[in-house]
Amino acid sequence: MEIFLEYSSKAIEKKWQEHWKQNRSFEPSNDFSKEKKYILSMFPFPSGRLHMGHVRNYSISDAFARYYRQQGLNVLHPIGFDSFGMPAENAAIKNGSHPKGWTYDNIDYMKNEFYALGFSFSREREMATSDELYTKFEQSFIIDMYEKGLLYRKKGMLNWCPHDQTVLANEQVVDGCCWRCDTPIVKKDMNQYYFKITQYSDELLSDLSKLEAGWPKQVLTMQENWIGKSNGLEFDLHFDEVSKAKLSAAFERFDVFTTRPDTIYGVSYTALAPEHDIVTYMCENKLLSQESIAEITAMKNTSSIDRQKEKKGLSLGLDVLHPLTGAKIPVWIANFVLMDYGSGAVMAVPAHDERDFDFAKKYDLPINAVIKPFVGEHEASAAFTEVGILFNSAAFDGMNSKESQSSIIDYFEANKIGKRTTNYKLKDWGVSRQRYWGAPIPFIHCECCGLVMEKKENLPIALPEDIEITGEGNPLDKHPTFKHCKCPKCGADATRETDTMDTFVESSWYFLRFCADASNWESEAFSQEQIAYWMGVDHYIGGIEHAILHLLYARFFTKVFRDLGYINFDEPFDKLLTQGMVLKDGSKMSKSKGNTVDPDAIIEKYGADTARLFILFAAPPTQELEWNDSGVEGAHKFIKRFYDRSSNIVATQTIPKIDHAGLSKEEKFARKKVYEALARANDVFAERYTFNTMIAGVMEAMNALNAQSNADVWSEGYWILASIMEPVIPHVAWEISEQYFACKNLSVQRVLEEVFVEDSIMLGVSINGKRRAEIEVAADASDTAIIALAKEAAAKWLEDAVIVKEIVVPKKLVNIVIKG
RNA sequence: GCGGAUGUGGUGAAAUUGGUAUACACGCCAGACUUAGGAUCUGGUGCCGUAAGGUGUGGAGGUUCAAGUCCUCUCAUCCGCACCA
């Protein structure tokens with residue numbers, strides 16, 4: 001009797017979601033003798049609802065997780081929420097909600113969406129970074145880092161977002177604007193806590209080579225550029241006696257850095273950043289005219305974007321002495337000199353640097369050429385920035401400019417007037433935020449003891465809930481009791497720090513927390529044993545937008561935790577897969593453009609399996625994905641057909657044994673396509689991650705199965721295809737597998753080589769590389785026989801021609817080269 | 001400016017080492033079944049051409065018996081960084 005069921009996504013999906021929940025189907029095992037896979041997707045911010053980008057992200061990671069579970073591996077596939085941050089507070093200001101209530105309501109809603117999509121996350125390890133239990137350990141790490149000198153507090157010029165009323169890290173300033181709200185940032189002088197990420201600059205850079213095999217090149221390059229290492233010469237420029245007197249001997253010299261020591265004899269002026277100490281001193285002591293001081297103040301208040309529009313500067317009326325020639329060199333201020341790179345002062349060589357050239361032209365400063373091209377002359381209308389031959393450079397005349405660099409640095413070092421130095425663009429990471437909804441920084445200000453750490457046994461320092469959020473200032477600062485405390489050292493009345501941490505701190509170690517069994521979460525952050533077993537993350541999946549921020553910080557934390565003795569590896573993420581954006585009508589889906597597609601609506605109309613299938617089929621994961629409604633229909637149709645045609649299966653609990661030799665041509669072909677699909681699926685998960693081709697292979701196999709009617713071939717085909725498709729369309733795959741195979745097929749499947757052995761093969765015949773005919777030959781036919789057949793098939797093309805060469809490419813084609 | 005990528009049918013895209021370009025799907029066309037169909041099934045579908053045939057992977061060269069794939073130059077688009085001394 002024929003079994004026939006109509007496909008109903010709702011009933012099937014609900015049934016299996018309930019089944020997986022009841023059976024704790026996706027919890028990792030604590031049996032550390034098993035081979036493991038740690039599959040991690042970047043956890044979401046609980047913004048309210050999932051968007052298609054999330055669906056894509058987790059569809060990919062879920063496919064990996066389910067595949068490796070079928071392979072019999074111990075799989076950790078956790079999910080959490082990166083739940084601190086400004087939007088919770090912004091919502092509070094807008095709607096009068098409480099950040100905590102808003103956040104946890106959103107988490108509940110989004111969790112339901114996850115499970116409605118059938119994602120196989122560990123439910124037991126779900127967490128949110130705003131949970132007090134998470135804050136507790138984070139604060140403990142912060143204290144460790146402070147003790148190690150990796151966290152410090154300093155007054156400095158900070159990026160301030162006037163809209164969000166908070167400080168931003170350099171990485172969070174995009175084109176001079178806040179990365180979150182796009183408000184132009186301003187500089188503000190205030191106290192801030194910093195992580196000493198620069199201590200790891202060199203290692204963060206050199207360890208990128210360890211990631212070459214598993215990370216996209218683009219991300220590696222972006223990090224490399226961000227760290228921005230450059231080698232060069234650092235030396236002091238000394239003021240002449242007149243200038244020293246002008247400065248009342250407060251300064252004798254300043255420091256400059258150059259990557260072009262070869263141009264040293266071409267220095268014709270030097271320039272300081274408007275924020276430079278010497279400039280500040282001169283302004284404060286009225287050593288400059290009123291107009292000049294006003295101009296400098298204006299320069300300092302100009303945003304970095306506006307500063308780029310036009311080079312501006314002014315002379316300080318001071319001179320320094322050239323370190324080699326002793327010649328007097330004027331000192332200027334220039335708006336293009338950055339205070340936070342190098343020493344905030346540069347030597348200027350207009351003849352060989354475009355910026356210096358523009359500036360010299362504008363202010364009529366001398367231009368002294370010291371490098372000429374190997375051949376020909378250089379036009380004086382622009383800077384000559386290429387490699388050439390040195391002249392006007394004393395003992396170095398005639399040298400190749402590139403090669404001279406090292407000799408010149410050696411000369412500075414030998415004479416103790418300068419040294420070889422490396423500079424980085426990377427800055428220390430400012431982590432304090434003047435906001436409520438973040439992890440409190442566990443420090444106390446005491447009048448007699450200074451900055452004091454909270455005692456670890458008092459952690460977590462939790463956020464008070466009875467706060468008033470107005471959008472102005474930090475609510476913690478205004479709270480009646482939060483900031484009043486006793487000094488942990490001397491017991492006197494003291495003030496608690498009200499700054500909270502940048503949310504990127506939480507996401508810098510969450511992947512370690514997931515390694516810990518939830519039953520131990522109270523007592524420890526994680527254990528050595530758990531970390532040693534689960535780390536590194538085998539597949540990390542997320543958006544390219546985190547190429548610098550999150551991925552750099554997480555790498556930094558890993559190295560710090562290693563140096564604190566918590567872990568013993570250098571890099572957290574073995575393989576990184578950066579998914580492409582989800583587009584509609586050619587542009588990124590966004591609320592402001594009004595081109596979003598709501599995942600809930602798709603689940604409602606077609607079911608989760610359809611959404612997942614479409615997303616994985618429409619494009620390879622790293623590419624952009626264009627949303628297409630008829631493509632979704634197509635995916636849905638395939639699932640219906642896949643379900644309907646399962647009626648051809650004969651129920652069995654073992655894979656059918658089939659005598660291949662006795663089959664018809666169509667039956668043999670169907671088996672071949674099925675096993676081809678299996679081989680491709682294994683390859684896709686191991687190497688290529690192109691799920692679109694894996695699914696195409698299954699569709700081909702379905703088409704081939706449909707062209708024959710052998711029940712055993714159908715059953716064997718479905719045994720394998722349902723297993724291949726389970727990572728993509730899990731609900732319907734489990735339904736079919738249960739119905740016919742007692743789910744025994746959801747396991748490792750072996751590729752049967754015998755089905756690839758064929759009696760005869762088709763070969764293309766080409767003449768001079770152009771395809772002219774096709775022949776069918778026996779699988780074991782000799783080259784001679786093949787060529788004879790080919791000539792016969794292409795006889796028409798060989799008349800009156802001289803055959804020059806005959807090439808047989810096994811199992812592919814025959815090429816005959818002719819003349820005339 | 002520097003760096004990274006991507007260019008293949010009407011569309012999304014395949015082509016693992018150089019070996020029959022366009023698999024799979026969408027769309028479109030035709031047919032079948034239907035009272036009907038935006039359902040289902042079957043067949044067709046790169047372009048030019050009635051056909052024979054020609055032509056075809058952004059463009060121009062080159063290597064090779066053979067190039068989407070390798071090399072040189074070039075154009076276009078996208079992304080990242082950007083006065084970093």
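Not measured: the values here are computed from a predicted model. Naming convention: chains lettered A, B, ... in sequence-line order (proteins, then strands); numbering from 1 in each chain.
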So, the side chain of [X] versus the backbone of [Y]: is there a donor-acceptor pair under 3.5 Å, distance only?
X        : Y        : result
A:Asn815 : A:Gly769 : yes
A:Asp255 : A:Asp236 : no
A:Thr258 : A:Arg260 : yes
A:Asn595 : A:Ser587 : yes
A:Arg355 : A:Ala348 : no

Phosphate OP1/OP2 of [N]: any [X] side-chain N/O under 4.0 Å:
X        : N     : result
A:Arg680 : B:A23 : no
A:Gln218 : B:C79 : no
A:Lys812 : B:U17 : no
A:Asn815 : B:U64 : no
A:Arg771 : B:C65 : no
A:Arg688 : B:A15 : yes
A:Thr693 : B:C24 : no
A:Arg641 : B:U40 : no

### Task
Hey, which sits more toward the 5' end of RNA chain B by its nearest nucleotide, A:Thr690 or A:Ala345?
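On the 5' side of the pair lies A:Thr690.
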### Query
Starting at the 5' end of RNA chain B, which residue's closest nucleotide do you reach first, A:Met762 or A:Ala618?
A:Ala618
### Query
Ignoring hydrogens and angles, does a donor from either the side chain of A:Asn225 or the base of B:C81 sit under 3.5 Å from an acceptor on the other?
no
With the side chain of [X] defined as its heavy atoms from C-beta on, choose the nearest nucleotide among [options].
X        : options             : value
A:Thr259 : B:A85, B:G80, B:G19 : B:A85
A:Ile548 : B:C84, B:C81, B:G19 : B:C81
A:Val817 : B:U55, B:C65, B:A25 : B:C65
A:Met699 : B:C84, B:C24, B:U40 : B:C24
A:Thr221 : B:C84, B:C41, B:G3  : B:G3
A:Lys425 : B:A13, B:G4, B:C81  : B:C81
A:Lys637 : B:A52, B:C81, B:U40 : B:U40
A:Ala696 : B:A23, B:A13, B:G80 : B:A23
A:Asn706 : B:U42, B:A23, B:G80 : B:U42
A:Phe617 : B:G12, B:G54, B:U40 : B:G12

Find the distance [X]:[atom1] to [N]:[atom2] and express it as a whole number of Å.
X        : N     : atom1 : atom2 : answer
A:Met347 : B:A85 : CE    : C1'   : 8 Å
A:Ile695 : B:G12 : CD1   : C1'   : 13 Å
A:Met581 : B:C78 : CE    : P     : 12 Å

Does [X] reach a base, just sugar-phosphate, or nothing at all? Heavy atoms under 4.0 Å.
X        : value
A:Gln623 : sugar-phosphate
A:Glu633 : nothing
A:Pro620 : sugar-phosphate
A:Gln308 : base
A:Val337 : base
A:Ser230 : sugar-phosphate
A:Asp353 : nothing

### Query
Under a 90° cut-off about 0 for the syn range, is B:G80 syn or anti?
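You should classify B:G80 as anti.
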Please give the distance between the [atom1] atoms of [N] and [M] as a whole number of Å.
N     : M     : atom1 : answer
B:A52 : B:G18 : C1'   : 31 Å
B:A15 : B:U8  : P     : 15 Å
B:C28 : B:A39 : P     : 10 Å
B:G7  : B:C48 : C1'   : 24 Å
B:C26 : B:U74 : P     : 43 Å
B:C75 : B:G56 : P     : 23 Å
B:A23 : B:G9  : P     : 13 Å
B:U20 : B:G46 : C1'   : 16 Å

Does the structure show a Watson-Crick or G-U wobble partner for [N], both distances under 3.5 Å? Name it, or say none.
N     : value
B:C81 : B:G1
B:G53 : B:C48
B:G37 : none
B:G43 : B:C29
B:U20 : none
B:C70 : B:G62
B:G9  : none

### A:Lys311 to A:Phe336 six-membered ring, cation-pi geometry met (6.0 Å, 45°)
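Checked: cation-pi criterion met.
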### Query
According to the interplanar angle, ranging from 0 to 90°, do the rings of A:Tyr7 and A:Tyr643 count as parallel (below 30°), tilted (30 to 60°) or perpendicular (above 60°)?
tilted
### Message
Determine whether the aromatic ring centres of residues A:Phe638 and A:Phe617 are separated by less than 6.0 angstrom.
### Response
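No, ring centres 6.0 Å or more apart.
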### Query
So A:Lys229 and A:Asp202, salt bridge (Lys or Arg N to Asp or Glu O under 4.0 Å) or not? Walk me through it.
CA-CA 8 Å; A:Lys229 179 178 182 170; A:Asp202 216 33; 3.0 Å; yes
